[in-house]
Amino acid sequence: MSRTRRMPAAAARARASLRPRRTLPLLALLIATTVTAQTPDWNAARDETVQHLQRMIRINTSNPPGNELPVAQYIDSVLKAAGIETHLFEPTPGRAAFVARLKGTGAKKPVILMAHMDVVGVERAHWSVDPFAGEIKDGVLYGRGAIDDKGMLAANLETMLLLKRNVLDKGGTLSRDVIFVANSDEEAGGEWGMGWLIANHPELIMEAEFALNEGGRTRIVNGKPLYVAVQNTEKVPYGVTVTAHGPGGHAAIPLAGNAIARLGRALAAIGAHQEPVVILPTTKVFFADLGAVWPDKKVGKAMVDVSSGDAKRVAAGAQVLSTIPVFNAVIRNGISPTLVSGGIRSNVIPTEATATLNIRNLPGQSIHEVVARLRHVVNDSMVDIAVVDSGVDTPASSFETPMFTAIADAVTELDPAMVTVPYLSTGATDSARLRALGMQAYGILPFPLDQNDEDRMHGNDERIPLTSLAFGTRLIYGAMLRVTR
């Protein structure tokens, strides 16, 4: 049994425009929208989604090198067999760009349903199962990409099949085209994926109004599904080098100003530095809504304080949230040293040593101001700090659109106790490229996961409970059905 939860007045006002007064149940929506459409056989859909995911996990698409073409060919065969229009491209040998389309009436602009086919590599010695076997143990499916992002790829594929079988094939209609996109190379920046597709075949996607992609969260807290975070904006990634200089010579004679020791001091100063707290509109609503339902009262109060707009309360709330890494990362720019290099052999003191920082800026924040602050805390003229790689800073997508509302209503249909909130993601996704083109792009990880399972993404023993995979498929289908009515 679910219980009604009360929101603070400010949070309620912030969210009032996000949902219609009355949420149509899925069956009523089918009747109101498409007359002859049928409710899917969800048991069969669950089993079919599992089969799709297993088959795609068993194709190793670790990037580099990617080799996503066999996955695209599999998807192409499945959708073609269902009578769905497809386009398969090979931008460079072994890589793939795939687009499929369900035709709507054209009353509204298309919506894109997208996911990526490549995955990050694995450390096989640290896995308890074969990472590319798609093994199921105790109701949980293991494999690289189970969460990121072949799980969503499988759920999207099943959604396309369900829309075709249960709406179009039954004489129903969609108010807008549904464009399925499977990308390559997302884990390495997307130049051979969404970047290539935009540059070479923009006609297949550019007219879309909305896009639904990865990037959000569906979080289980204290054993209970609590919220769905819909990414509508994301941090901007930058590569920054820190290079220390010093005298060189034989290692038998220690020298003051050793470049490696100097770099160590610089990194220690950078590690102790925290960027200023900045609460963006998305983050304000995110914490206002979560603060009303968060089970830990201290953390819940901190969330409400951070969203209050009162400087003293914001500072007090930020102090608490800063101790929780996933929340600290959304209230300030993030700086992580990731690579260190220096020296040519063990008995030579090098004249130079370099570290690479992965900096994730909040949207709208200047990387040059961040670098200026780092130079100030390092305070060493023999240390150079330089920006060597820049991401794309794009406007946030509105959380007052039919797409966002469709997601929220689909969540409510599945679990009335869960709240749906806008979300600033700390990771970069292909959605940034679409937002740069003026598209309203949203990210979800539609599968309910606790922190332990979510942390397996890019880690060892990545896995997804079969019940969560089924929930995610129903969530995506419900959202797409609503936004195409």
Side-chain angles (χ1 to χ4, degrees), residues 11 14-15 17-18 111-112 114-116 148-149 152 183 186 189-190 194 198 208-219 227-238 275-291 303 306-307 309 314 318 321 325-335 358-367 369-370 390-408 411 419-446 479 483:
R15 300 288 287 161
S17 61
L18 295 187
V111 57
I112 293 174
M114 60 191 280
H116 62 88
D148 184 17
D149 188 30
M152 187 160 178
N183 288 320
E186 191 276 342
M194 183 55 78
I198 291 171
E209 181 178 10
F210 302 123
L212 187 60
N213 187 25
E214 64 167 347
R217 295 290 183 267
T218 300
R219 182 61 59 79
Y227 69 94
V228 175
V230 181
Q231 184 229 57
N232 69 309
T233 186
E234 59 191 72
K235 278 189 158 182
V236 186
Y238 295 94
E275 284 287 285
V277 171
V278 178
I279 306 300
L280 299 174
T282 291
T283 310
K284 185 174 183 178
V285 175
F286 173 79
F287 282 126
D289 283 12
L290 285 190
M303 291 175 170
V306 157
S307 65
V314 169
L321 297 180
V326 293
F327 294 145
N328 182 51
V330 300
I331 62 175
R332 53 170 50 95
N333 302 323
I335 303 169
N358 184 283
I359 296 182
R360 301 291 174 122
N361 266 12
L362 295 170
Q365 298 291 296
S366 166
I367 185 62
E369 292 181 5
V370 174
S390 298
V392 180
D393 194 344
T394 61
S397 297
S398 171
F399 44 87
E400 298 183 5
T401 65
M403 184 74 252
F404 193 100
T405 300
I407 298 167
V411 171
V419 296
T420 302
V421 294
Y423 173 62
L424 162 72
S425 75
T426 54
T429 71
D430 283 330
S431 294
R433 294 180 185 269
L434 300 182
R435 293 190 186 108
L437 298 172
M439 206 175 296
Q440 298 287 298
Y442 301 91
I444 58 174
L445 178 61
V483 82

Minimal non-hydrogen separation, Pro281 against Phe399, with atom names: O-CZ, 4.3 Å

Residue pair Pro422 / Asn232: nearest heavy atoms and the distance that separates them: CB-OD1, 3.7 Å

Donor-acceptor under 3.5 Å (Asp393 side chain, Gly364 main chain): yes

Those residues that, when tested against Arg217, pass salt bridge (Lys or Arg N to Asp or Glu O under 4.0 Å) (two or more places apart): Glu454

Heavy-atom pair with the smallest gap, counting every atom of Gly215 and Tyr423: O-CE2, 3.4 Å

Nearest heavy atoms of Lys235 and Leu424, plus distance in Å: N-CD1, 3.8 Å

Leu321/Met303 under side-chain contact (heavy atoms from CB on, under 4.5 Å): CA gap, chis, key distance, verdict: CA-CA 7 Å; Leu321 297 180; Met303 291 175 170; 4.1 Å; yes

Ile367 CD1 to Ile359 CD1 distance, which is reported to the nearest 0.5 Å: 4.0 Å

Any donor-acceptor N/O pair, Thr420 side chain to Val228 backbone, under 3.5 Å: no

Euclidean distance, Asp430 CG relative to Ile112 CD1, rounded to 0.5 Å: 11.0 Å

Verdict with supporting geometry, Gln365 and Val370, side-chain contact (heavy atoms from CB on, under 4.5 Å): CA-CA 8 Å; Gln365 298 291 296; Val370 174; 5.6 Å; no

Gap separating the CD1 atom of Ile198 from the CG atom of Leu437, nearest 0.5 angstrom: 5.0 Å

Distance, nearest 0.5 Å, that separates OG1 of Thr218 from CG of Leu445: 6.0 Å

Qualifying residues under salt bridge (Lys or Arg N to Asp or Glu O under 4.0 Å), relative to Arg360, sequence neighbours excluded: none

Plane angle bin for Phe286 and Tyr227 - parallel if under 30°, tilted between 30 and 60°, otherwise perpendicular: perpendicular

Name of the residue among His116, Glu186, Glu234 meeting side-chain hydrogen bond (donor to acceptor under 3.5 Å, both in side chains) with Thr429: Glu234

Pairwise distance CD(Glu214) to CD(Gln231) - rounded to 0.5 angstrom: 8.5 Å

Mutual orientation of the aromatic rings belonging to Tyr442 and Phe404 [parallel < 30°, tilted 30-60°, perpendicular > 60°]: perpendicular

Derivation and outcome, side-chain contact (heavy atoms from CB on, under 4.5 Å), residues Ile444 and Leu212: CA-CA 7 Å; Ile444 58 174; Leu212 187 60; 4.0 Å; yes

Non-hydrogen atoms of Met114 and Ala211 that approach each other most closely: SD-CB, 4.3 Å

Ring geometry between Phe287 and Phe327 (parallel below 30°, tilted from 30 to 60°, perpendicular above 60°): perpendicular

Ser397 OG to Leu434 CG distance, which is reported to the nearest 0.5 Å: 9.0 Å

Where Val314 and Val306 come nearest, the two heavy atoms and their spacing: CG2-O, 3.5 Å

Evaluation steps, side-chain contact (heavy atoms from CB on, under 4.5 Å), between Leu280 and Thr233: CA-CA 10 Å; Leu280 299 174; Thr233 186; 5.7 Å; no

